[in-house]
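Notes for the one structure printed next.
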Number of protein chains: 2
Amino acid sequence: MPKVTEEYRVSKRAEITSAAMRAFRRKGFHATSMADIITESGLSAGAIYGHFGGKNDIVLEVASRVIDARIGKVEELSSARPLPAPAELLRLLASGLAHDLGRPAMLVQLWGEAVTEPALRALWGLLVGRLRAAYCSYLSLWHQSEHGATVADADRLAAEQVVLFLSCAQGYILQSALVTEFDGEAFLRSMELHLPR
Amino acid sequence: MPKVTEEYRVSKRAEITSAAMRAFRRKGFHATSMADIITESGLSAGAIYGHFGGKNDIVLEVASRVIDARIGKVEELSSARPLPAPAELLRLLASGLAHDLGRPAMLVQLWGEAVTEPALRALWGLLVGRLRAAYCSYLSLWHQSEHGATVADADRLAAEQVVLFLSCAQGYILQSALVTEFDGEAFLRSMELHLPR
DNA sequence: GTCTATACCAGGATAGAC
DNA sequence: GTCTATCCTGGTATAGAC
């Protein structure tokens, strides 16, 4: 295969994915039809089906992008000095998410979809596993640097606490998607006060 | 209107709602079609549309039932003595939910749906508001009885913390619906260790 | 690779008899 | 109130020309 063709293919997929994200962001996930994606991309049905197997395929790509960005952020912040505090990390994740998606309604719809779509569910499991691992090593570093814990103690604490932090991130996403008068700042302040430090 | 007719109407609605819940529990929410509900109920399309405006209507009823049961549980446990600890309350809610729904996949799909269905979203907002209020007064009682806090202090603490507890409940639901090898016990133990007490 | 046009299907809802 | 049969819409995916 000639290299130009491969590059072209990749960039075309990215272009379509971006268009889909814009559409999803505007109308939500279920309400967006292939016709919407076609319009938004400026391409045609045929062109899109030449690059993706179908709507499901596109969704997988979009999900990867969004969650990958979060994993990248946690990893990046893990090597920042001074290390941000746990609640501060949540705040930074939230603002990155808001920047990418506006209201993260799309993610909530993605969860709903993953319940019945095996491929999406598998992908989600994989990505959240990686996110958890990244969060876990961040937490371990935090306990070492902030409280001078031994590596073993820090790892154990991190493993226990990571599920709590993930839940808070998920709760934040859910509530900001569904509660009309959601007060993100109040939520994050509450995390600062009452999450383990 | 004659009383028998009204009673009949109510019991018929309940019968249909139960059938719908069984179907949802088995196949998930989106994958369940009206045809499935019709089969499961042993009734006909006409009969069902005589009692509900459509699928959406049925969903609203189901959602009410499920969340109402949770609210009732929190209120009931608030007057139990000795008052269960916060993490214990979560454990009891989780087991009640498992009893009603098995894997609470249906709830996650409901969230996804609520993003785009205004009626469902409004209902969800209302119900979660009530759940939050119930949880809040429970937490206040807890701080008073366990730590001898003044009413004012207990109320303030409760208001700050309630969002954290709700997030944990939501995280539990999400993860138990989507993570194949989800370990509910480990999750709850982690809550016991690291949530405020 | 991409376009237009269209086949095809699932599923929610209704009509009309009883 | 309930049944059967059927309509109709919205939406995915494909066929075939360029």
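Lettering of chains follows the sequences in order, A, B, ..., and the numbering in each one begins at 1.
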Practice task
Please say whether more than 12 non-hydrogen atoms of neighbouring residues, nucleotides or ligands are located less than 6.0 Å from CZ in A:Arg197.
Solution key: no

Handout entry: Salt-bridge present (A:Arg189, A:Glu192; N to O < 4.0 Å)
Key = no

Exercise for the section: Salt-bridge test for A:Glu6 and A:Arg9: reply yes if a basic N is under 4.0 Å from a carboxylate O, no otherwise. Expected result: yes

Exercise for the section: Please determine if B:Asp100 and B:Arg70 form a salt bridge, counting it only when a charged side-chain N lies under 4.0 Å from a carboxylate O. Expected result: yes

Practice task
Verify the neighbour count for atom CZ of B:Arg26: are there more than 12 heavy atoms of other residues, nucleotides or ligands below 6.0 Å?
Solution key: yes

Problem - Residue-level proximity of residues 13-46 of chain A to DNA chain D when a heavy atom falls under 4.0 Å - result: A:Ser33, A:Met34, A:Ala45

Exercise for the section: Shoot me the first and last contacting nucleotide of DNA chain D against chain A, ordered 5' to 3', at under 4.0 angstrom to non-hydrogen atoms. Expected result: D:dT12 to D:dT14

Handout entry: Rounded distance in Å - CZ (B:Phe52) to P (C:dA13)
Key = 13 Å

Exercise for the section: Could you tell me the separation between the CG atom of B:Asp57 and the P atom of C:dG12, rounded to a whole number of Å? Expected result: 14 Å

Exercise for the section: With sequence neighbours excluded, tell me which residues meet ring pair (Phe, Tyr, Trp, His ring centres under 6.0 Å) with B:Phe165. Expected result: B:Tyr135

Exercise for the section: Quickly, which of B:Glu61, B:Glu117, B:Glu113 forms a side-chain hydrogen bond (donor to acceptor under 3.5 Å, both in side chains) with B:Asn56? Name it, please. Expected result: B:Glu117

Exercise for the section: Answer yes if the side chains of B:His30 and B:Gln109 hold a donor-acceptor pair under 3.5 Å, and no otherwise. Expected result: no

